[in-house]
Amino acid sequence: MASRSFLRKVLTDPKLRAALAEDPAKVLGSDLSKSEILEVKRILTQVRDLEGQIAAMGTTILCQGDSSPRGIA
Amino acid sequence: MGSPEVQHRRAEVLIATTWACNLRCTYCFVQENGIVAESRPMSPVLARQVLDRLDQALAHFEHIDIHLYGGEPLTNLPALEALVDRALQYPPGRFTFSITTNGTVLDQRVFDLLEAGRFEVILSIDGPAPVHDAYRRTRDGSPTHARVLEFLGAVRKHTRCRVQGSSVVRSGWGLVEAIPYLRSLGVDSFKAQAVRAPEGADYGLSQADMQTYLDDLEIVGRHVIEDIAARRPLKDNRFTTPVLHQLLGTRRESFCGAGKYSFGITPSGEVLPCILVDAATNRLGDIRDPAHAWVEAGRDWWETRTTLRDECSDCRSHDLCGGGCPAILAVCAEDQCVFTRKEVDVARDIYAHFANDIDPLIDLTGISLE
């Protein structure tokens, strides 16, 4: 499996995420297994969804409540 | 690997099925706008049509959250029942429901509706009876606090709905008083924020009140740090969005997704970027128009919001604020910016606290690294 520290970097580094999205082989090399690539892909997809959620939401009392999974509002 | 472009799975549509309300709360901006008298409630026929039109127009979103607003939405039960009934004919998860309510309509039909739609209930309750009843009264001046507590009990008894308590902080009722009160109600989450007040309103915050509010935000921030460190679910999420932006290394393009990811629909079927903005100057179209017309108009409206306002050019918080709420800025202007800047500052403190060990913050994302 991809290391936790690498996944943490994927989560927190937008430049790395962009590079992975554009040319994953260039970033990951050819040593990663299929399951490791899937693991990275899963994080990228989840981060993209999360970015969408937080970009869409305002933060005032007039805006929505906690309908997102982790209560982002 | 996926596209580098951010894809949004969830759209939010705030629907006012009526502007009418059974209360006359002193600080209500809907009453101030004078839109109540000129509006008829949404019919059940139009409500069903709205659902179908949204499904077509927002086909590029996986989920659509319908947030019922008003006016008091529960005063137009036929339209709400039509919305939920129609939504249940779509695949599970296509539509979800939230409702902002004053919690004074006690009718078994209400609780059946909330359960059927598995609503998230945002319940307006300012504080204990003397605080709540000072401003939240019926048309004939009767207090409502006891009724709201009864409503909360009934939601708990008859439904599985999540409840968020919502309190308006104002002169004489501070943030650090409102939060413990909301916590004492046993709600799933809560919000307490400063009242939107035009200049000179007696309920508005004085300069001293504002300073207290800003100081209180720091106290709330320290409690949030304690909760995050202890890996407790946050009940107060006011800082979560700016904290997550810092964690992900992103900045806000606009204050919210109004026009692109969220829309407002009036009782007559007008489509707006948000139900809270002025309809006369922000109208995108009508729900019965060809869908692409108002979707495209909304995107254009959103683009204008990503352009930096002159007032924002030197603001230290713009990267995590995105330019301010267009609905609130029209009323509160600089006062709102003062609050937002402070919230961003506290969010930066929260992030800095965990800078050397971000794992507790990763919990906030809901993403597992295992």
Side-chain angles (χ1 to χ4, degrees), chain A residues 1-29 32 34-73, chain B residues 1-4 6-12 14 65 67 96 98 100 120 122 162 164 166 168 188-189 191-194 196 233-235 237-238 240-242 244-245 247-250 252-258 260-262 276 325 327-328 336 340 343 358-359 362 364-367 369-370:
Chain A
M1 297 294 286
S3 74
R4 184 178 171 87
S5 63
F6 178 72
L7 294 177
R8 192 186 287 119
K9 190 158 175 56
V10 172
L11 184 67
T12 57
D13 184 344
K15 287 182 181 167
L16 176 60
R17 292 198 299 272
L20 282 167
E22 189 176 335
D23 188 355
K26 190 175 174 183
V27 179
L28 300 173
L32 281 183
K34 263 189 179 175
S35 66
E36 287 172 318
I37 291 172
L38 282 175
E39 187 74 359
V40 172
K41 190 175 177 182
R42 176 182 66 85
I43 299 288
L44 286 179
T45 301
Q46 289 184 312
V47 172
R48 194 181 61 197
D49 289 346
L50 183 63
E51 285 180 331
Q53 283 182 48
I54 63 176
M57 290 177 187
T59 55
T60 78
I61 197 167
L62 303 171
C63 294
Q64 78 164 51
D66 283 349
S67 56
S68 58
R70 295 289 298 178
I72 303 157
Chain B
M1 296 290 163
S3 156
V6 173
Q7 297 293 319
H8 293 266
R9 291 174 60 185
R10 182 184 296 271
E12 186 191 24
L14 289 103
D65 183 52
H67 186 157
T96 53
S98 312
T100 294
E120 183 194 341
I122 295 115
R162 281 176 53 86
Q164 179 179 85
S166 176
V168 175
D188 299 291
S189 62
K191 272 188 171 183
Q193 285 185 279
R196 278 175 19 142
L234 295 184
K235 290 203 167 191
N237 280 291
R238 78 183 66 222
T240 305
T241 296
L244 288 180
H245 271 297
L247 180 69
L248 300 180
T250 53
R252 288 191 82 76
E253 291 180 271
S254 65
F255 179 79
C256 66
K260 189 174 182 182
Y261 316 114
S262 62
L276 303 168
C325 171
I328 287 189
Q336 189 59 35
T340 302
E343 289 185 353
I358 61 168
D359 281 2
I362 291 175
L364 293 178
T365 68
I367 297 174
L369 299 186
E370 304 301 336

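Reminder, nothing fancy here: chain letters follow the sequence lines and each chain counts from 1.
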For A:Arg8, is it the side chain, the backbone, both, or neither that has a heavy atom closer than 4.5 Å to a heavy atom of chain B? both
What I'd like to find out is whether the side chain of A:Gln46 reaches to under 4.5 Å of the side chain of B:Thr365, using heavy atoms alone. no
Counting heavy-atom pairs under 4.5 angstrom with chain B, the leader among A:Asp23, A:Leu11, A:Val10 is A:Leu11
Do you know which two heavy atoms are closest between B:Gly249 and A:Pro14, and how far apart they sit? O-CG, 3.2 Å
Nearest 0.5 Å, please: how far is OG1 in B:Thr240 from CD1 in A:Ile54? 10.0 Å
How close do A:Arg17 and B:Leu248 get, counting heavy atoms only, and between which atoms? NH2-O, 2.8 Å
